[in-house]
Every structure is written in C-alpha cells, then in structure tokens.
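Just below is one structure, and these are the notes that go with it.
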Amino acid sequence: MIIASVLLFVRPIVNAQSDSTKKSNVNFTTGVDIYSRYLWRGFQNGNAPAFQPTFKMTIKNLAIGAWGSVQFSDSAGRSVPETDLFATYTLPKGFSITVNDYFISSDEQHLANFADYTNKGIHQLEGYLSWTGPEKFPLALNIGYSFMGAKYAANTPLNMNSSLFTEADYTIKNLTIVVAGGNKYYTAKDAYNLVNVGFKIVKNAVITDKFTVPITGQLMYNPNSRHMYYAVGFSF
C-alpha cells in the first residue's frame with residue numbers, strides 16, 4: 001500500500017514535468033562517439049582510437065554547443081586533443097548556417113591556452129552553410145570557409161585561413177556516399193581538388209528492446225594525397 005501510494009503521488013509529478021519539458025523552448029542533449037580512428041575531411045588525425053563527446057543546447061532555431069576529441073594514446077604528439085565550439089541557426093527549406101571555432105592542439109598542455117585568440121593562439125573560425133534535401137531527394141550540400149584565425153606561416157599544417165571546403169552527401173537507406181573537396185589547408189595548394197571520395201554505413205545494434213547502439217563504418221579515399229582510411233565507431 002505504501003508503494004502504491006508513492007506511485008500515485010509521483011505519477012502526477014512526472015507527468016507535470018513531462019508537460020513542462022514539452023512546453024519549454026530550451027533543450028539540452030549530450031552524447032559520445034568512440035571511433036577506431038579520427039577521420040575528418042580527407043585526413044586521419046592521430047594514430048589511435050578517439051573518444052569524442054558532444055554537448056548541445058537548443059533554443060528554438062538556435063543550437064549552441066561544444067564538441068571534443070581525445071585519443072587513447074600516451075605517445076607525445078599522437079593524442080591530438082581537440083575542443084571545438086559551434087553555433088548553428090536553422091533556416092527554412094532545409095538550410096542552416098554554422099560558425100565553428102576549431103581548437104586543435106598538438107598535446108594536452110596547449111589546452112590551457114584555450115582563451116588565447118591572438119595571433120599566437122591556435123583557434124580557427126569557419127562559416128559553414130548547409131542544405132539538406134527532402135526525404136524524397138536525400139541529398140545534402142555543405143560549404144565551409146575559414147574566415148579568421150591565428151596567422152600561421154604559410155607552410156604550417158594548422159593554417160586554415162582562407163581555406164574553402166565543400167561536401168556533397170547522398171543517402172540510400174543506411175548508406176551515405178560522400179564526395180568532398182577543398183584547397184589550401186586541405187590540399188597544400190591554392191588550387192581546388194577532391195580530398196574525400198568514400199562512403200559511410202550506419203547499422204543499429206539492438207542491445208535491448210529500448211536501447212540500440214548505432215555502429216558506423218567509414219571508408220575514405222583522398223585523391224589529393226592518395227591515402228585511404230577506414231574507421232568504425234559507436235555512438236551513445
């Protein structure tokens with residue numbers, strides 16, 4: 001009887017909280033990915049599995065969050081820790097615009113300088129425009145341009161200033177075909193070239209009736225560097 005009374009008392013509170021949550025314009029989400037390798041825009045960052053958490057706060061059409069990556073490696077220069085901030089505003093008809101703040105360090109010690117936005121820092125700011133087609137035409141187009149950042153020397157690998165990146169994704173069921181290109185940072189040349197031609201496959205692994213884990217396999221070939229990479233990962 002005591003248990004039944006508690007349940008009868010708690011149930012209205014739970015429902016009230018659910019209704020309040022539904023009416024709220026602010027939502028918080030978090031998650032984590034674990035990949036065998038950190039692949040990004042035609043490159044493999046580091047030589048070890050990566051742990052990649054994310055956090056996002058959404059207010060109507062605006063999403064603000066942080067994304068990070070750290071690798072399971074104790075070798076100097078191979079952990080490649082990263083802490084990125086982003087803000088995305090969703091527009092009508094499948095469009096969205098994002099400002100990315102990339103902060104990629106060569107080791108954990110440099111993370112202490114995150115607040116350094118001077119020329120001696122290692123932040124890079126990018127504007128990113130995306131368009132996602134309707135369900136009947138599952139095409140996604142993306143274009144990014146690095147408009148501000150630390151003034152590295154021209155031959156510095158981390159220099160993304162004035163670099164252009166484009167990507168087209170076409171999804172067929174759980175298969176996504178990827179074609180991407182860029183210049184400068186992505187090719188070490190002013191001329192534009194393809195940097196990623198590959199595909200991703202996502203499969204949901206059923207753990208319980210109410211819990212599934214998406215598994216992603218990715219094969220990526222960079223025509224510019226002539227390198228091929230493969231990675232598999234889990235999302236929670």
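Below, each value reflects all heavy atoms present in this structure, side chains not excepted, and no hydrogens, waters or symmetry copies. Since the structure is predicted, the reported quantities are computational estimates derived from the model, not experimental observations.
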Residues K200 and E167 bridged, charged N to O under 4.0 Å: no

Find out if a path of hydrophobic residues (ILVMFWY) with successive side-chain heavy-atom gaps under 4.5 Å connects [X] to [Y].
X    : Y    : result
V202 : I207 : no
I34  : F211 : yes
I59  : F55  : yes
Y89  : L141 : yes
V232 : L39  : no

Out of curiosity, [X] [atom1] to [Y] [atom2], how far, rounded to the nearest 0.5 Å?
X    : Y    : atom1 : atom2 : value
S225 : L194 : OG    : CG    : 11.5 Å
T176 : I201 : OG1   : CD1   : 9.0 Å
Y145 : S163 : OH    : OG    : 8.0 Å
L91  : L129 : CG    : CG    : 8.0 Å
F51  : Q71  : CZ    : CD    : 13.0 Å
K203 : N174 : NZ    : CG    : 8.0 Å

Walk me through whether F199 and L175 qualify under side chain to side chain contact (heavy atoms under 4.5 Å, CB included). CA-CA 7 Å; F199 62 86; L175 169 68; 3.8 Å; yes

[X] versus [Y]: any side-chain heavy-atom pair under 4.5 Å?
X    : Y    : result
M57  : N27  : no
T88  : S96  : yes
Q52  : Y35  : yes
F147 : L125 : yes
K56  : I64  : no

I would like to know whether Y38 and E82 meet side-chain hydrogen bond (donor to acceptor under 3.5 Å, both in side chains); could you show each step before the answer? CA-CA 11 Å; Y38 175 14; E82 179 175 351; 2.7 Å; yes

Result for side chain to side chain contact (heavy atoms under 4.5 Å, CB included) between V195 and one of Y185, F43, Y221, F165 points to F165

Is a donor on one side and an acceptor on the other found under 3.5 Å between the side chain of [X] and the backbone of [Y]?
X    : Y    : value
N183 : L164 : yes
T187 : K189 : yes
N222 : N196 : no
E135 : F137 : no
T212 : N204 : no

Polar contact flag, side-chain donor to acceptor under 3.5 angstrom, [X]-[Y]:
X    : Y    : value
S130 : N142 : yes
N224 : N193 : yes
Y192 : T166 : yes

Which pair of heavy atoms, one from T58 and one from A63, lies closest together, and at what distance? OG1-CB, 4.0 Å

What pair of heavy atoms forms the shortest contact from A50 to S69, and how long is it? CB-OG, 3.8 Å

Determine, step by step, whether S235 and D33 satisfy the side chain to side chain contact (heavy atoms under 4.5 Å, CB included) criterion, reporting the C-alpha distance in whole Å, the side-chain angles of both residues, the deciding distance to 0.1 Å, and the verdict. CA-CA 4 Å; S235 299; D33 300 327; 2.8 Å; yes

Using side chain to side chain contact (heavy atoms under 4.5 Å, CB included), reason through L219 and M228 one step at a time and then give a plain yes or no. CA-CA 7 Å; L219 181 67; M228 179 173 283; 3.9 Å; yes

Can you label the angle between the W40 ring and the Y186 ring as parallel, tilted or perpendicular, going by 30° and 60°? tilted

Assess the residue pair V213 and F236 against the criterion (side chain to side chain contact (heavy atoms under 4.5 Å, CB included)); give the C-alpha distance rounded to whole Å, side-chain angles, the decisive distance to 0.1 Å, and a yes or no. CA-CA 6 Å; V213 176; F236 300 92; 3.9 Å; yes

What about Y102 and W67, are their ring centers closer than 6.0 Å? no

